[in-house]
Amino acid sequence: MIFFHSKTNTFYLQGKNVSYVFRKDEYGFLNHLYFGKKVACGEDLSFVYRPCDRGFSPNFDGAENRSFSLDTMPNEYPVAGLGDYRRPAVMVRTRDGARQTDFRYIDHSVETDAGAKGLPHVRGGETLFVRLRDDRYALTLELYYTVWDDSDAVVRRAALRNDGTDSVHVLNLCSFSIDLPDADYQSLRLFGRPCSERAPVWQDCAPGICELSSGQRGSSSHYLNPFLALKRKNTDETHGEVYGFQLVYSGSFSLSAEYTQYGGLRVRGGIDPLGFDWLLQSGEKFETPESVLVYSDGGLGGMSHCFHSLCRKHLMNPDFAFRKRPVLVNSWEAVYFDFDEKKLFHLIELAANAGMDMFVLDDGWFTCRNDDNGGLGDWEEDLSKLPCGLKGISDKCRSLNMLFGLWFEPEMVSENSKLFRVHPEWCLKNPERGFVRGRNQIVLDFCNPQVVDYVYGKMEDIIAKNGISYVKWDMNRYLADLYSPYLPPERQSEVQHRYVLGVYQLASRLNRRFPDLLMEGCSGGGGRFDAGMLNYFPQIWTSDNTDAFARAKIQYGTSLCYPPSAMTAHVSVCPNHQTGRTSGLDARYAVASSCIFGYELDLTKLSQSELAQIKEQITAYKRDADFVMNGDFYRLSEGDVYAFAQVSCDKSRAYVTGITGLKQANDKFRFLKIYGLDCEKKYRVRETGQTMSGRVLENIGLPLPQAEGDFCPVCYHLDGQPTSDEST
Ligand code: GLA
């Protein structure tokens, strides 16, 4: 609910359990007052901002006296050049070379479904739209705040309109900025690299700026995820205050927490301003990506629930968000580039026998692609490998009642391709320099609409002709040569963002053309796992690391802000191809079955008993998939045991999965505390026959057996028992 109190000029944005409050002061500036646990609408919070005369904090022109300074004010969207020495949310260079903007409130309105055009956006809710203006340069700043009755998130974004006659340069426009009154927090970032994504790293906030960015990679990247959390020192998984900030964006980003001179914390985020310069001509508008701000006093778990639920209810494609996804076998780790039609047919037959729903043909199906050094861009099936063509593979799948999925890497081209020979100017490259290659491939210029049209045409044709039900969209390198031959020199600093807009455009066109097509995002594993992609791709390949123990850790970190129904996880072969480690098929299943599930191994090389075990696993997963799709997710941990509980919405059942670490000789007894259950209810543990109350399971925990070796499975079903009232 959104409420404006006209006596105090205060805006109250009321979510399920939270309030976000700010006001317009007598000068037309917006003062941030509060974001936290719900307060009554209309309660006067103006006392939070205490004007005072602090030495060296300058007073803006027109300030009534020395106590009014933007430097000491909690600002809703801070500007540059008027005396606030903290980092600004907006930086614009005007025709005179100045970088000083002065935005004052004009008016506001309340709207519904007010997402930015061409950018991913969270649906529904009620949106407060506040307009501010810099009269001197005829610039209009628009701030958007969306809240939902069923969520503790506030979604923010901004836009800048040039109503003047001269062009201006937008050097920075944050998606959000917020001034928290104290800085007594620990920051959390998700750090990683290919095959080791999203490991949580904590750090105490200290004077200065803690900045997270994906560098100039042009992608949200494996390195740091577009997510930042701030928690109190005593906050744990289930208790305590925490803020979460997430960008709904897939390009180079920046998120920062600035510990300021008077002990507050300014948190901001948006497109990375490094190297960014957007030419905004007269009459044009620039819109930022959205950001999600979450507050919880229910610990990290509470914060994650809020992100998960917003993502599933309001961000992901509603046709897929809660729908069970096909159990698949993917050809990558099974055969890599080394396959022919006969081999694939054999795989498909075994997959069908095991009860799988889909076969996915990964990399290697197109011409000039016997290794990863060429072949990208033409997207023509390799008839020497597959004489029956993709249609033949698709027909084979269909004859066995299976779906057919296909891998693409739409944003790339190889030099040895017809496309490159005909259109060398369709690549990102500075004409004055040679190519910067990555995996021996070149990035297509998605700033150029013709390039996006070409790729769309190719994909549309292949998908339609071959009855393809699923596409795995990969991106196997970052951007480097940030130069678009399509754009004029004065627009070269727009390349990174325009590229991402091209990616979104292609994805949304495919979504519209094929509403039933399931698209999975991927970038060398989980290199572009972000809320922006999740708007178009209901699932993302979480990592190329399929080792069960390593993967459990990656899923653990990823779950901090993304739901398990967005993460894909596959059972692969042992020794594992990335770590060389061995774990049992049951442990690999336990880890993968907490997400969107599949296999990635050569079924033709498995024994009959392994195939039989896989068949049982698939039956079990299909029975339990509803926990992943509709349940509430809880992280559990005990020493180096990584485990998750997925609890049905009515708390009548739960599915607990995970993996133990290295076996300790003569180990202590371990108890795994299970969160999210109904404390008053009794649960029967299907695997052990024990019956325990939700309260005991939460406070003492489920007794774990002594591990019989390294990396043992944790897999339990808890079935709520009828209470005496229910049974009579
Ligand atoms: C990336 C993906 C893998 C696989 C290969 C194919 O690394 O993450 O799953 O698709 O590309 O080249």
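Read the numbers this way: they start at 1 and go in the same order the structure lists the ligands and their atoms. Counting from 1, the numbers follow the sequence of the chain as shown. Note that the structure is a prediction, hence the values are computed from the model and not measured.
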Expected list for residues 511-518: side-chain donor-acceptor pairs under 3.5 angstrom, two or more places apart:
| residue | atom | partner | partner atom | Å |
| --- | --- | --- | --- | --- |
| N511 | ND2 | Y536 | O | 3.4 |
| R513 | NE | E460 | OE2 | 2.5 |
| R513 | NH2 | E460 | OE2 | 3.2 |

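- A salt bridge does not link K465 with E381: every distance from a Lys NZ or Arg NE/NH1/NH2 to an Asp or Glu carboxylate oxygen is 4.0 Å or more.
- A search for salt bridge (charged side-chain N to carboxylate O under 4.0 Å, His left out) contacts involving D453 returns R509, not counting sequence neighbours.
- The pair R439-D372 meets the salt-bridge criterion, since a charged nitrogen lies less than 4.0 angstrom from a carboxylate oxygen.
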Quick check for students: name every N or O atom pair between ligand 1 and the protein closer than 3.5 Å, with distances.
| residue | atom | partner | partner atom | Å |
| --- | --- | --- | --- | --- |
| ligand 1 | 7 (O) | N476 | OD1 | 3.4 |
| ligand 1 | 7 (O) | D544 | OD2 | 2.8 |
| ligand 1 | 8 (O) | G525 | N | 2.8 |
| ligand 1 | 8 (O) | D544 | OD1 | 2.6 |
| ligand 1 | 8 (O) | D544 | OD2 | 3.0 |
| ligand 1 | 9 (O) | K472 | NZ | 2.7 |
| ligand 1 | 9 (O) | W541 | NE1 | 3.4 |
| ligand 1 | 9 (O) | D544 | OD1 | 3.2 |
| ligand 1 | 10 (O) | D362 | OD1 | 2.6 |
| ligand 1 | 10 (O) | D362 | OD2 | 3.3 |
| ligand 1 | 10 (O) | W407 | NE1 | 3.0 |
| ligand 1 | 10 (O) | K472 | NZ | 3.0 |
| ligand 1 | 10 (O) | D474 | OD2 | 3.3 |
| ligand 1 | 11 (O) | D474 | OD2 | 2.9 |
| ligand 1 | 11 (O) | N476 | ND2 | 3.1 |
| ligand 1 | 12 (O) | D363 | OD2 | 2.6 |
| ligand 1 | 12 (O) | R439 | NH1 | 3.0 |
| ligand 1 | 12 (O) | R439 | NH2 | 3.0 |

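- A donor-acceptor distance shorter than 3.5 angstrom exists from the side chain of H308 to the backbone of S559, with no hydrogens or angles considered.
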Show me the donor-acceptor pairs, under 3.5 Å and distance only, between side chains in residues 353-360 and residues at least two apart or in other chains.
| residue | atom | partner | partner atom | Å |
| --- | --- | --- | --- | --- |
| D357 | OD1 | K622 | NZ | 2.8 |
| D357 | OD2 | V327 | N | 2.8 |

